[in-house]
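Down below is the structure, laid out as structure tokens.
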Amino acid sequence: MPELPEVEAYRRLAEERALGRPVAAVIAPDAWYLKGGLDAAAVTAALVGRRFTDARRIGKLLLLDADGGDLVVGLRFGMTGRLLVDENDAVGELLYSPKTDRPEWDRFALRFADGGLLRMQDPRRLGGVILDPPEARLGVDAASVTPAQLRAAIERSAAPLKARLLDQAHVAGVGNLIADEALWRAGLDPRRPAKSLTPAEHRRLHKHLRAAVADLSERGGSHTGDLRIHRAPGGRCPKDGAELQRATVGGRTTWWCPKHQR
DNA sequence: ATTGTGGCCTGCCCGC
DNA sequence: TGCGGGCAGGCCACAA
């Protein structure tokens with residue numbers, strides 16, 4: 001599903017192909033997909049005639065800056081959303097998402113004056129479009145978080161470590177698969193209170209979180225982790241062979257190795 | 001503020 | 001072969 005690596009790929013796609021092209025029409029057939037009180041008429045009025053000057057990303061939120069400096073389009077992809085520009089895709093298949101591309105799954109699109117099309121394909125409709133999204137509500141991006149920032153984000157929380165990593169207000173961009181991968185690499189029990197980490201464990205977590213984000217981005221997606229294929233009933237830890245445990249942590253299905261994740 | 005829970009969305013997959 | 005239930009998780013509303 002789209003976590004940070006996928007949304008970063010969408011950002012690069014938008015940067016390469018969507019900037020500088022005047023918007024001629026907005027296609028917003030799904031009112032549910034427009035968030036923050038937005039409707040089709042308002043988003044059309046806001047965007048027709050504008051061009052995008054920059055494509056940014058904070059966590060899993062893709063931000064398109066419109067010319068004039070007074071308008072930002074925020075795109076959220078939920079679990080099954082994909083971005084296509086002129087039929088160019090940024091990622092391969094998405095885990096948990098249908099592989100096909102049906103017209104009725106286009107929840108939002110922009111027609112450019114040159115005839116090109118930017119569209120969001122989202123079978124499960126968990127994504128959305130918002131104007132001027134509240135960027136300040138997001139924590140520091142997981143791809144660039146420093147050791148001190150990560151420590152500050154988690155060191156006083158009584159919540160389970162994994163829940164804290166998933167909280168976009170504190171660290172932005174970590175989804176379920178990257179959280180499990182990073183904690184598995186770092187050898188940390190996802191159920192541990194976040195504030196229980198020692199200084200050495202903070203360093204380990206930072207190192208492995210950054211490495212997991214970088215590796216999975218390079219490999220092509222959040223589903224490419226070393227743990228991922230073992231997250232299934234009967235799955236064993238590829239490090240030490242112990243049977244993986246499964247539980248709900250932070251409201252999400254969580255798999256971890258009881259032998260080396262402490 | 002923090003933390004936890006439930007619901008939303010819908011296609012897919014399994015067992016019957 | 002069809003059917004129904006369970007499942008997937010990002011995000012938000014809500015409760016205490």
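Just so it is clear: chains get the letters A, B, ... in the order the sequence lines come, proteins before strands, and each one is counted from 1. Atom set for the values below is all heavy atoms of this structure, side chains included, hydrogens, waters and symmetry mates excluded.
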Which part of the nucleic acid, if any, lies within contact of [X], taking any heavy atom under 4.0 Å across all strands shown: a base, the sugar-phosphate backbone alone, or nothing?
{"X": "A:R137", "value": "nothing"}
{"X": "A:A163", "value": "nothing"}
{"X": "A:P193", "value": "nothing"}
{"X": "A:R125", "value": "sugar-phosphate"}

With salt bridge (Lys or Arg N to Asp or Glu O under 4.0 Å) as the criterion, how do A:D180 and A:K162 come out once you've worked through the C-alpha distance, each side chain's angles and the decisive distance to 0.1 Å? CA-CA 8 Å; A:D180 276 6; A:K162 180 178 175 182; 2.8 Å; yes
Can you work out whether A:H170 or A:R252 has the more 5'-proximal nearest nucleotide on DNA chain B? A:H170
Could you pick out which residue, A:R124 or A:S157, lies toward the 5' side of DNA chain B when each is mapped onto its nearest nucleotide?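 First, find each residue's nearest nucleotide; the 5'-ward one identifies A:S157.
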Any A:W105 side-chain N or O less than 4.0 Å from OP1/OP2 of B:dT10: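 For B:dT10, OP1/OP2 do not have a side-chain N/O of A:W105 under 4.0 Å.
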Would you please confirm or rule out a distance under 4.0 Å between OP1 or OP2 of C:dC12 and any side-chain N or O of A:R76?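 For C:dC12, OP1 or OP2 has a side-chain N or O of A:R76 closer than 4.0 Å.
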Integer-rounded Å distance: [N] [atom2] and [X] [atom1]:
{"X": "A:W255", "N": "C:dC7", "atom1": "CH2", "atom2": "P", "value": "12 Å"}
{"X": "A:W32", "N": "B:dC8", "atom1": "CH2", "atom2": "P", "value": "9 Å"}
{"X": "A:R164", "N": "B:dT2", "atom1": "CZ", "atom2": "C1'", "value": "8 Å"}
{"X": "A:F108", "N": "B:dC9", "atom1": "CZ", "atom2": "C1'", "value": "19 Å"}
{"X": "A:K60", "N": "C:dC11", "atom1": "NZ", "atom2": "C1'", "value": "9 Å"}
{"X": "A:D167", "N": "B:dG4", "atom1": "CG", "atom2": "C1'", "value": "12 Å"}
{"X": "A:L34", "N": "B:dC8", "atom1": "CG", "atom2": "P", "value": "20 Å"}
{"X": "A:E104", "N": "B:dC9", "atom1": "CD", "atom2": "C1'", "value": "15 Å"}

Under a 4.5 Å cut-off applied to non-hydrogen side-chain atoms, are [X] and [Y] in contact?
{"X": "A:D30", "Y": "A:D122", "answer": "no"}
{"X": "A:L205", "Y": "A:L183", "answer": "yes"}
{"X": "A:I178", "Y": "A:P5", "answer": "yes"}

Calculate, to the nearest 0.5 Å, the distance between atoms CG and CG belonging to A:D226 and A:L216 respectively. 8.0 Å
5'-most contact on DNA chain C (nearest-nucleotide basis), A:L61 vs A:R246, goes to A:R246
Choose from C:dC11, B:dT3, B:dT10 the nucleotide whose nearest atom is closest to any side-chain atom of A:A159. B:dT3
